[in-house]
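I am attaching a structure below and will ask some questions about it afterwards.
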Amino acid sequence: MHIPDGFFPISQAAVYWIIALVFIFLSLRWAKKEMSEDKVPLVAVLAAGIFAIQTLNMALPISIIPGGVSGHVVGAALAAIVLGSPFAAVFILTLVLVLQGIFFGDGGITAMGANIINMGVLGGFFGFYTYQSVNNLFHNRFCAAFIAGWISLFIPAIVCAVELAIAGTLPLTFGLVTMGIYHAVIGIIEGGVTAFALSLIIHARPDIVGEVVTGGRRAKDVVIVAGITIALSLAIIAPYYASTYPDGLDSTFLSAYGAKDVTTVHIDEAKSVLAEGAVTEKTGNTFSWQAPLPDYAIPGMDKPGEAMAIIFGVLVLFALGFGISRFISRKN
Amino acid sequence: MIEELFYIEKSGYRDSFIHNLDARVKILGMFAIIIAMVAVPYSPMVFTVGTLFFGFIMALWALARLPWLVYIKRLVMVLPFGLFIILFQIFFTNRYYQVFHVIANLPFGIHIYAESVEFAFILFVKFVVCVSAIILLSSTTKLHDMLEGAGRMGLPPEFALTFGMMIRYLFVFGYIFRKINEALTTRCFDPFDSALSYRYRMKQIGYTVGTIFIRSYEQGERVYTSMLCRGYGKSSHIFVTRKPLRAPEWSFLGICIVFTVVIPVGTWLVSSRV
């Protein structure tokens, strides 16, 4: 999943770098503030350990080429869970990814921003909050760590496919299907290893596992678990239904005005504009809504605009989700 | 990858003109090549620019007197993910071309397009040039020199310190990993052995991961305590001495920068005139 250089146009790579830098800054602030005293060296040494962990390879559970396809653990979920903050994962994975990019050439320099967002930020945040929510709901650390590990690999893979599609270097459906399936299977290794590793750490050094014990079922957890389930289902189903052709209502409207034949996909652009004019005239309704980000793009900006629009949308949704869940839990 | 770490670092300790250059010069030069290569739009122009850049990097590699096998081995190691995307390009249309010509029809309605093959080559050239620049940089520069160079160029002290700690302990964990691996092998454990149950293998790997995690955490705690004893505090940072660049280093940097600017611009001017 380490995206190399050359697969993003430079402008998009810059956008991802800027977003990644914001999270790197936040994670550095976390390391200074949240870790008791100034334990930055501890996290740095831990990053070296995580790098060693990543070299442990294992065969896929369902080997497509016998003995040929293997996977390894990224460790974002494990780091976030044990250290009790998603920023721990961002911090550690940034160090590891910079080393891999600059020293090994695994993952590009210009694409490093995107790699940090995918594996560090998304892996860490999804891993951490999934673990917390599932653990609070079902009181099963093992199960929670497994799901968290799986999600922390699957979501970044999906986002990686979307980023490459925005860059125009990998078709969306193909990317989602191949990357999705491959990482859904590899995710089993990540999940299983995270769960076993966590259970060992909890037994050996219970004092270092920074768990937030809330007790009882929280509305926020239900929202997070339900949200992730729905989002995942949509992510799997959507590409099969997403189409650049007009939807049913559009198609009926266009064919009623002769701008398109019902059974074909060709649209006569001139006639469709006339049809819109005719309807406005007939109904007398001149109201139109100018969307802030029409067609998932920011006007005046090319592809980086599309990337930013999607990221903006996701952030707004997350903010809304957290806001609503906090509101509900406060009432409770 | 951890075995590769020792291998790469070893090649950084050789002696040659390129090895002896200041790390700042090499970092800036190689990053300039990468950024210039990525910035070239997806067009056949990439071939000319890419070939010239590649030739330049290979000339530097020859100057560094490193075996060609080292370069090839390292290139092969990082190819898989990029190559996967590149190979599948030929079956799809993309937005960088207006018209697509089918050159081969395969079963299940799959086609190979001439333009997509060209696009795949464009991606391949960009990919190989950028990876080659990184291979040259890391094979001729010690990790610690790279860190000092970055520190001199204004990397925030917090990052310089954390990277420094990480780099130092990478090699410690390299040895720990080797020992653990040997211990597993002497007990005849193979994570790829399909005769063992999957759950059992995963459990062993999971416990190994957990052990490395705890060992690195405890190592971190010890390091932190010993640093405190030596007066470590919030304002501590790695001490980096000032080091002015020598004349050959300035000229090397100048050549790199001029090369990365002149080649793409020149190619663009020539192609636009044609």
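By convention in this document, chain letters (A, B, ...) are assigned in the order of the sequence lines, proteins followed by strands, and residues within each chain are numbered from 1.
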**Message:** Heavy-atom cut-off 4.5 Å, strictly under: side chain, backbone, both or neither for B:V223 against chain A?
**Reply:**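 Contact with chain A: side chain only.
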**Message:** I need the B:E218 CD to A:L46 CG distance, nearest 0.5 Å.
**Reply:**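 Those atoms lie 11.5 Å apart.
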**Request:** Work out which heavy atom in A:A197 is nearest to a heavy atom in B:G210; give both atom names and the distance.
**Result:**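 In this case the closest contact between A:A197 and B:G210 is CB-N, 3.6 Å.
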**Request:** Take A:L200 and B:T211, measure what side chain to side chain contact (heavy atoms under 4.5 Å, CB included) needs, and give me the verdict at the end.
**Result:** CA-CA 8 Å; A:L200 178 90; B:T211 314; 3.8 Å; yes
**Prompt:** Closest approach of B:G82 and A:F7, non-hydrogen atoms and distance?
**Reply:**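 For B:G82 and A:F7, the tightest heavy-atom pair comes out as O-CZ, 3.7 Å.
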**Message:** Please evaluate residues B:F173 and A:F51 with respect to the criterion ring pair (Phe, Tyr, Trp, His ring centres under 6.0 Å), reporting the C-alpha separation (whole Å), side-chain torsions for both, the decisive distance (0.1 Å), and the verdict.
**Reply:** CA-CA 9 Å; B:F173 286 107; A:F51 181 80; over 10 Å; no
**Asked** By a 4.5 Å heavy-atom criterion (distance strictly below it), what part of A:F8 contacts chain B: side chain, backbone, both, or neither?
**Response**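 Only the backbone of A:F8 comes within 4.5 Å of chain B.
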**Request:** Report yes if some heavy atom in the side chain of B:F159 is under 4.5 Å from a heavy atom in the side chain of A:I24; otherwise report no.
**Result:**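 When only atoms from C-beta onward are counted, A:I24 and B:F159 do touch, with a gap below 4.5 Å.
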**Message:** For the interface with chain A, which of B:Y169, B:F119, B:F127, B:F92 has the highest count of heavy-atom pairs at distances below 4.5 Å?
**Reply:**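 Heavy-atom pairs under 4.5 Å are most numerous for B:F92.
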**Item:** Portion of B:R222 that has a non-hydrogen atom of chain A nearer than 4.5 angstrom
**Value:**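 B:R222 has no heavy atom closer than 4.5 Å to chain A.
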**Item:** side chain to side chain contact (heavy atoms under 4.5 Å, CB included) between A:F104 and B:L5, worked out
**Value:** CA-CA 8 Å; A:F104 293 92; B:L5 181 80; 3.7 Å; yes
**Asked** With a cut-off of 6.0 Å (strictly less than), are more than 12 heavy atoms of other residues, nucleotides or ligands near OH of B:Y113?
**Response**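 For B:Y113, atom OH is crowded (more than 12 foreign heavy atoms under 6.0 Å).
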**Request:** Carefully, step by step, assess A:F196 and B:R199 under the rule side chain to side chain contact (heavy atoms under 4.5 Å, CB included).
**Result:** CA-CA 10 Å; A:F196 281 119; B:R199 190 185 153 83; 4.1 Å; yes
**Contacting region of B:L170 [heavy-atom separation from chain A under 4.5 Å]** =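 Both backbone and side chain of B:L170 come within 4.5 Å of chain A.
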**Request:** Could you look at B:Q204 and say if it's the side chain, the backbone, both or neither that has a heavy atom under 4.5 Å from chain A?
**Result:**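 Neither part, no heavy atoms under 4.5 Å.
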**Asked** Of all residues at least two apart in sequence or in a different chain, which pass the ring pair (Phe, Tyr, Trp, His ring centres under 6.0 Å) check with B:F189?
**Response**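 Expected list: none.
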**Whether over 12 other heavy atoms sit under 6.0 Å from B:F84 CZ** =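 More than 12 heavy atoms, drawn from other residues, nucleotides or ligands, come within 6.0 Å of this atom.
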**Asked** Which heavy atom in B:M202 sits nearest to a heavy atom in A:I188, and how many Å separate them?
**Response**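 That would be CE-O, 3.3 Å.
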**Item:** Which of B:I176, B:I122, B:L143, B:L137 touches chain A most, by non-hydrogen pairs under 4.5 Å
**Value:**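 Heavy-atom pairs under 4.5 Å are most numerous for B:L143.
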**Prompt:** What's the spacing between A:L170 CG and B:I86 CD1 if we round to 0.5 Å?
**Reply:**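 Here the interatomic distance stands at 11.5 Å.
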**Closest-packed option against chain B by number of heavy-atom pairs under 4.5 Å, given A:G101, A:A13, A:A48, A:G6** =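 The answer is A:A48.
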**Prompt:** Would a 4.5 Å heavy-atom cut-off, applied to side chains only, mark B:F91 and A:P171 as touching?
**Reply:**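 Not touching, per the 4.5 Å side-chain cut-off.
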**Request:** Starting at CE of B:M37, measure out to CD1 of A:I109 and round the result to the nearest 0.5 Å.
**Result:**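 Between atom CE of B:M37 and atom CD1 of A:I109 there are 15.5 Å.
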**Request:** For the residue pair A:L83 and B:Y217, establish whether any side-chain heavy-atom pair is separated by less than 4.5 Å.
**Result:**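 Answer yes - side chains close enough.
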**Item:** Heavy-atom closest contact (A:L95 atom, B:M166 atom, distance)
**Value:**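 The answer is CB-SD, 3.6 Å.
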**Request:** With a 4.5 angstrom heavy-atom cut-off, could you sort out which part of B:F177 is near chain A: side chain, backbone, both or neither?
**Result:**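 When you check distances to chain A, only side chain atoms of B:F177 fall under 4.5 Å.
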**Prompt:** Which one of A:A47, A:G49, A:G107 has the most heavy-atom pairs closer than 4.5 Å to chain B?
**Reply:**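 Of A:A47, A:G49, A:G107, A:G49 has the most heavy-atom pairs under 4.5 Å with chain B.
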**Message:** Looking only at heavy atoms and a cut-off of under 4.5 Å, which of B:L123, B:V46, B:V131 has the most pairs with chain A?
**Reply:**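 Heavy-atom pairs under 4.5 Å are most numerous for B:L123.
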**Prompt:** Between A:A165 and chain B, which part of the residue has a heavy atom less than 4.5 Å away: side chain, backbone, both or neither?
**Reply:**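 The backbone, not the side chain.
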**Request:** Report the option among A:T169, A:L28, A:V73 that has the most heavy-atom pairs separated by less than 4.5 Å from atoms of chain B.
**Result:**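 Among the listed options, the one with the most contacts to chain B is A:T169.
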**Request:** Measure across A:I102 and B:M146 and return the closest heavy-atom pair with its distance rounded to 0.1 Å.
**Result:**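 Closest pair (atom of A:I102, atom of B:M146, distance): CG2-SD, 3.4 Å.
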**Asked** Does A:F103 offer a backbone N or O that forms a donor-acceptor pair with the side chain of B:S138 under 3.5 Å?
**Response**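 It does hold such a pair.
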**Asked** With B:V38, which residues qualify under side-chain contact (heavy atoms from CB on, under 4.5 Å), at least two apart?
**Response**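 Testing B:V38 for side-chain contact (heavy atoms from CB on, under 4.5 Å), a comparison that skips the adjacent residues, returns A:D5, A:I10, A:T110, B:I34, B:C130.
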**Item:** Segment of A:L164 engaging chain B (4.5 angstrom heavy-atom cut-off)
**Value:**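 Just the side chain, heavy atoms under 4.5 Å.
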**Message:** Which atoms of B:Y42 are under 4.5 Å from chain A, going by heavy atoms: the side chain, the backbone, both sets, or neither?
**Reply:**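 Looking at B:Y42, just its side chain touches chain A.
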**Which of B:E9, B:K126, B:M165, B:K203 touches chain A most, by non-hydrogen pairs under 4.5 Å** =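 Among the listed options, the one with the most contacts to chain A is B:K203.
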**Request:** Check each atom of B:F171 against the heavy atoms of chain A and say whether the ones under 4.5 Å are side chain, backbone, both or neither.
**Result:**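 Interface part for B:F171: neither.
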**Asked** What heavy-atom pair brings B:Q219 and A:V45 nearest, and what distance separates the two atoms?
**Response**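 Scanning both residues, the minimum pair turns out to be CG-CG1, 3.8 Å.
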**Heavy-atom proximity to chain B below 4.5 Å, by part of A:V96** =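 Looking at A:V96, backbone and side chain both touch chain B.
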